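Note that the structure is a prediction, hence the values are computed from the model and not measured.
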Amino acid sequence: MTTPLSKAEIAMATDRVGTHLVSEENGVKVWHLRLAPGETLPAHRHERPYFWTVLTDGKAVSRQADGRILDVTYRAGDTRHMSDLSPDTAFVHDLTNTGEAELVFVTVEFVR
């Protein structure tokens, strides 16, 4: 069983929404996220509009700051848009690869 994010993890959440920032130009940040099986991207805060596309099939668990724990199955090409985020509507979560293969995403943030 996975435990919820702790208050300390939430307080220490960063704005690193990927494992590598590959481009930052003209109000756009492009991140790559690569997680080996069992690897976790620590708690991070989403407070800017963004979208992600997963490049590989995989499974993950995401612990949310509100206490929810989400099990997710991804299929290569899945894309999700989060266009209504701001500092007032931000959310914090982490992501752990629970699958048997590397999990790879591209995330694009729109900086105001």
Using a 4.5 Å cut-off on heavy atoms from C-beta on, say whether the side chain of [Y] contacts that of [X].
{"X": "Val111", "Y": "Val28", "value": "no"}
{"X": "Val106", "Y": "Val30", "value": "yes"}
{"X": "Leu95", "Y": "Phe105", "value": "yes"}
{"X": "Leu35", "Y": "Leu41", "value": "yes"}
{"X": "Asp57", "Y": "Tyr74", "value": "no"}
{"X": "Val61", "Y": "Leu70", "value": "no"}
{"X": "Leu5", "Y": "Asp94", "value": "yes"}
{"X": "His93", "Y": "Ser62", "value": "yes"}

Spell out, yes or no, whether [X] and [Y] are grouped together once hydrophobic residues are joined by side-chain heavy atoms under 4.5 Å, including indirect joins.
{"X": "Phe91", "Y": "Trp52", "answer": "yes"}
{"X": "Leu33", "Y": "Leu103", "answer": "yes"}
{"X": "Val72", "Y": "Met82", "answer": "yes"}

Legend entry - NZ/NE/NH1/NH2 to OD/OE distance under 4.0 Å, Glu9 and Arg63: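 Salt bridge between Glu9 and Arg63, a charged N being under 4.0 Å from a carboxylate O: yes.
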Closest non-hydrogen atom pair between [X] and [Y], with its separation:
{"X": "Val104", "Y": "Thr56", "answer": "N-OG1, 3.0 Å"}
{"X": "Val92", "Y": "Ala43", "answer": "CG1-CB, 4.1 Å"}
{"X": "Glu102", "Y": "Arg34", "answer": "OE1-NH2, 2.9 Å"}

Whether [X] side chain and [Y] backbone form a donor-acceptor pair below 3.5 Å:
{"X": "Ser6", "Y": "Pro4", "result": "no"}
{"X": "Thr19", "Y": "His32", "result": "yes"}
{"X": "His81", "Y": "Thr79", "result": "no"}
{"X": "Thr73", "Y": "Lys59", "result": "no"}
{"X": "Thr40", "Y": "Pro42", "result": "no"}
{"X": "His20", "Y": "Trp31", "result": "no"}
{"X": "Thr96", "Y": "Gly38", "result": "no"}

Legend entry - Point-to-point distance, once rounded to the nearest 0.5 Å, from CZ of Arg45 to CE of Met12: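 The CZ atom of Arg45 sits 13.0 Å away from the CE atom of Met12.
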Inset, instruction - Give, for atom OG of Ser83 and atom CZ of Phe51, the distance between the pair rounded to the nearest 0.5 Å. - result: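 Between Ser83 OG and Phe51 CZ, I get 11.5 Å after rounding to 0.5 Å.
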Legend entry - Derivation and outcome, side-chain contact (heavy atoms from CB on, under 4.5 Å), residues Val17 and His46: CA-CA 7 Å; Val17 300; His46 290 279; 3.5 Å; yes
Inset, instruction - Decide yes or no on side chain to side chain donor-acceptor pair (under 3.5 Å) for His44 and Thr14, but give the supporting numbers first. - result: CA-CA 5 Å; His44 54 281; Thr14 70; over 6 Å; no
